[in-house]
Amino acid sequence: MRKFDSDVQIIKNKVLSQVARFLWQDEEIFLHFDEIAGILLKDRTTSTSCCIYKDRAKIAERIRIALGGDKNNHNIIEVIDIICDECPQAGHVVTDLCRGCLAHACDTACRPGAIYYGDDNKAKIDKSKCVECGQCAKACPYSAIMNFKRPCEKACKADAIDMADTGEAQINNEKCTHCGACVVQCPFGATVDKSYIKEAIKIIKDSKKNTEYKAIAVIAPAFATQFNYATTGQVLQGIRDLGFDRIYEAALGADLVAYKESVELEEKGFLTTSCCPAFVSYTKINYPTLRDNISHNLSPMAETSKVIKSKYEDCKIVFIGPCTAKKAEVQLDHVKPYVDCAITFEELQALFESKDIDITTLGESTMDDASPFGRRFARGGGVADAVVQATVERGSDFNVKPIAAEGLDKVKPLLMRASKNALSENLIEGMACAGGCIGGAGCLTHTPKDKMIMDKYSEKTSKKNVMDTVEEYAID
């Protein structure tokens with residue numbers, strides 16, 4: 001079975017796993033920079049350029065991102081300029097459909113005078129004059145002029161990406177939600193999420209086999225839809241074999257959040273959910289009047305980690321999930337005390353390979369921390385269902401009227417109506433990724449069966465109700 005969706009991820013995996021191999025051995029990783037690059041360049045599948053010199057420059061940039069990227073840039077997503085230049089310039093272009101007609105309606109419509117004609121009498125666009133107004137495209141009777149958007153720009157529903165004067169993509173950090181949609185859609189792998197694999201390895205190593213402190217993994221329930229070449233039990237055992245003392249489900253915190261959000265919703269009368277950090281960021285940036293209606297509860301990741309740190313005060317926690325935005329969330333002041341590092345499923349796969357762990361050969365490990373409702377936070381509609389369930393289990397007669405949306409473009413109209421007091425529902429479940437967490441940018445694969453797999457896995461627990469988890473783990 002295929003481990004990844006694309007060859008871009010395969011190259012990324014090779015870089016991450018090779019960097020990780022050296023990190024396990026030596027923290028002075030930059031001393032081995034050229035050695036790592038040399039190893040990777042021997043693998044011709046990483047060759048994507050006209051010459052070895054450009055290949056080497058690209059690999060060097062990918063290694064830099066694997067080691068945490070630009071420390072002066074707080075954004076989790078970075079653009080590798082030297083790779084981005086492979087993408088054609090965006091904007092209006094004249095296609096082969098142009099017939100070189102006599103009417104020249106495009107020229108007439110173009111007020112800046114950007115249209116000119118070649119020897120074949122076909123239209124051309126002078127980009128130094130074009131203002132991308134699109135009037136030429138509207139006027140052309142053959143629809144021969146098209147507005148081409150780069151994949152990253154098209155994927156970004158937060159309108160955080162545009163083109164720099166030098167031609168490469170640039171990210172507006174004030175608008176970016178760290179959702180990673182651009183990372184998934186860039187066909188060259190030029191937009192990349194910074195890796196914190198170095199920090200994860202350091203946490204494991206410095207625990208000295210869990211004698212100095214406990215290194216604990218918190219894993220998102222969406223993992224059940226990933227690593228389709230092995231069983232969920234083998235994945236969990238693989239995580240233990242990396243050196244973690246124990247593993248907890250983020251779904252544990254999801255049950256607690258569902259309970260707390262049901263209470264908060266009843267108190268406020270209208271609420272938006274807290275589990276997706278990209279959705280929370282998007283709401284704060286674009287609809288500031290709704291800030292007080294964003295759930296004040298921690299996300300399931302942070303809530304789970306809070307429970308763990310109340311039990312093991314000196315432990316260090318690594319979150320493993322499908323989400324690039326979680327890497328930004330762990331840097332927030334109210335989350336920092338609970339989560340020490342966040343990595344994605346892509347990085348977990350690289351860690352397995354860096355230690356030569358073939359999880360298909362391992363035995364089975366289990367988790368049983370949460371209810372099916374907590375686990376189903378991972379897919380669209382799951383959060384809303386859990387809040388409704390928690391309200392019922394609390395014995396409240398409050399009428400929860402939820403609406404769920406997957407993708408920031410689907411979330412936008414709901415938030416707009418809510419900001420104008422025109423939304424009939426009183427709970428918005430917002431997810432930045434299509435399908436919810438199972439569609440996250442840090443996933444290895446995305447398949448149509450993921451929702452079904454998630455629901456099936458959710459039932460494999462001894463806890464059947466939200467309150468089962470709340471009664472066992474709830475803390476102030």
Under the side-chain contact (heavy atoms from CB on, under 4.5 Å) criterion, do Gln170 and Val79 qualify, and how do the steps go? CA-CA 7 Å; Gln170 61 182 5; Val79 178; over 6 Å; no
Working note: Asn421 + Phe270, criterion side-chain contact (heavy atoms from CB on, under 4.5 Å); need CA distance, chi angles, decisive distance, verdict. CA-CA 10 Å; Asn421 295 316; Phe270 171 72; over 6 Å; no
After noting the C-alpha distance and the side-chain angles of Tyr196 and Val330, does the key distance pass the side-chain contact (heavy atoms from CB on, under 4.5 Å) rule? CA-CA 11 Å; Tyr196 293 93; Val330 299; over 6 Å; no
Could you walk me through whether Asp450 and Thr447 pass the side chain to side chain donor-acceptor pair (under 3.5 Å) check? CA-CA 6 Å; Asp450 285 347; Thr447 75; 2.8 Å; yes
side-chain contact (heavy atoms from CB on, under 4.5 Å), that's the test. Do Ile201 and Phe22 meet it? Break it down for me. CA-CA 11 Å; Ile201 290 174; Phe22 279 83; over 6 Å; no
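For the residue pair Ala137 and Ile145, the shortest heavy atom distance occurs at CB-O, 3.5 Å. Shown here for Glu199 and Cys341, the closest heavy-atom pair between the two residues is CB-SG, 3.9 Å. For Thr289 against Ser419, the heavy-atom pair with the smallest separation is OG1-CB, 4.0 Å. Heavy-atom minimum distance, Gly440 versus Cys433: CA-SG, 3.8 Å. In this structure, Ala302 and Val339 approach most closely via the heavy-atom pair CA-CG2, 4.2 Å. Shortest non-hydrogen contact noted between Leu40 and Lys14 is CD2-O, 3.5 Å.
Contact check for Met367 versus Ile219: side-chain heavy atoms found under the 4.5 Å cut-off. Proximity of Ile320 to Ile247: side-chain heavy atoms (C-beta onward) are nowhere separated by under 4.5 Å. Contact check for Leu348 versus Leu242: side-chain heavy atoms found under the 4.5 Å cut-off. Asp385 is listed as a side-chain neighbour of Arg379, based on a closest heavy-atom distance under 4.5 Å. Using a 4.5 Å heavy-atom threshold, the side chains of Tyr338 and Thr304 count as separate. Taking the side chain as every heavy atom from C-beta outward, Arg21 and Asp356 approach each other to under 4.5 Å. Contact of the Val93 side chain with the Ile125 side chain is not registered, since no non-hydrogen atoms from C-beta on lie closer than 4.5 Å. Under the 4.5 Å side-chain criterion, counting only non-hydrogen atoms from C-beta, Tyr282 is in contact with Lys412.
Using a distance-only test at 3.5 Å, with no hydrogens or angles considered, no donor-acceptor pair links the side chain of Glu261 to the main chain of Thr273. Although no hydrogens or angles enter the test, the distance criterion places no donor-acceptor pair under 3.5 Å between the side chain of Glu425 and the main chain of Ile403. Although no hydrogens or angles enter the test, the distance criterion places no donor-acceptor pair under 3.5 Å between the side chain of Gln349 and the main chain of Glu346. The backbone N or O of Lys149 sits nowhere less than 3.5 Å from a side-chain atom of Glu153 that would complete a donor-acceptor pair. A donor-acceptor distance shorter than 3.5 angstrom exists from the side chain of Gln234 to the backbone of Thr360, with no hydrogens or angles considered. In this structure, Gln18 contributes its side chain and Ile63 its backbone to no donor-acceptor pair below 3.5 Å. Although no hydrogens or angles enter the test, the distance criterion places a donor-acceptor pair under 3.5 Å between the side chain of Glu132 and the main chain of His92. Between the side chain of Glu329 and the main chain of Val335, no donor-acceptor pair closer than 3.5 Å is present. Within the 3.5 Å criterion, the main-chain N or O of Leu444 finds a donor-acceptor partner in the side chain of Gln226. Proximity of a side-chain donor or acceptor of Glu303 to a complementary backbone N or O of Val257 within less than 3.5 Å is not detected.
Counting non-hydrogen atoms of neighbouring residues, nucleotides and ligands closer than 6.0 angstrom, the NZ atom of Lys157 exceeds 12 such neighbours. More than 12 heavy-atom neighbours from other residues, nucleotides or ligands sit within 6.0 angstrom of NZ on Lys122. Heavy atoms from other residues, nucleotides or ligands lying under 6.0 Å from CG of Asp120 number more than 12. The neighbour count for Met163 CE, taken as heavy atoms of other residues, nucleotides or ligands under 6.0 Å away, is above 12.
Atom-to-atom distance recorded for Met301:CE and Ser274:OG is 10.5 Å, nearest 0.5 angstrom. Atom CG of residue Leu16 and atom CD of residue Glu353 lie 9.5 Å apart, to the nearest 0.5 angstrom. Rounded to the nearest 0.5 Å, atoms CG (Asn293) and CD (Glu264) are 9.0 Å apart. Rounded to the nearest 0.5 Å, atoms CG (Asp340) and CD1 (Ile203) are 5.0 Å apart. Once rounded to the nearest 0.5 Å, the distance linking OG1 of Thr231 with CG of Leu236 reads 8.0 Å. Distance check: His446 NE2 to Thr225 OG1 gives 8.0 Å after rounding to the nearest 0.5 Å.
Glu78 pairs in a salt bridge (Lys or Arg N to Asp or Glu O under 4.0 Å) with only one of the listed residues (Lys194, Lys71, Lys327), which is Lys194. When each of Phe319, Tyr457, Phe345 is tested with Phe223 by the rule ring pair (Phe, Tyr, Trp, His ring centres under 6.0 Å), just one qualifies, namely Tyr457.
By the 4.0 Å N-to-carboxylate-O rule, Lys326 lies too far from Asp193 to be salt-bridged with it. The pair Arg64-Glu61 meets the salt-bridge criterion, with a side-chain N (NZ, NE, NH1 or NH2) lying under 4.0 Å from an Asp/Glu carboxylate O.
Every residue two or more places apart in sequence or in another chain that forms a side chain to side chain contact (heavy atoms under 4.5 Å, CB included) with Ala144 is listed here: Thr95, Leu97, Cys98, Cys140, Tyr142.
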Just list the side-chain donor-acceptor pairs under 3.5 Å for residues 178-191, sequence neighbours left out, or say none.
residue: His178; atom: ND1; partner: Asn75; partner atom: OD1; Å: 3.0
residue: Thr191; atom: OG1; partner: Cys182; partner atom: O; Å: 2.8

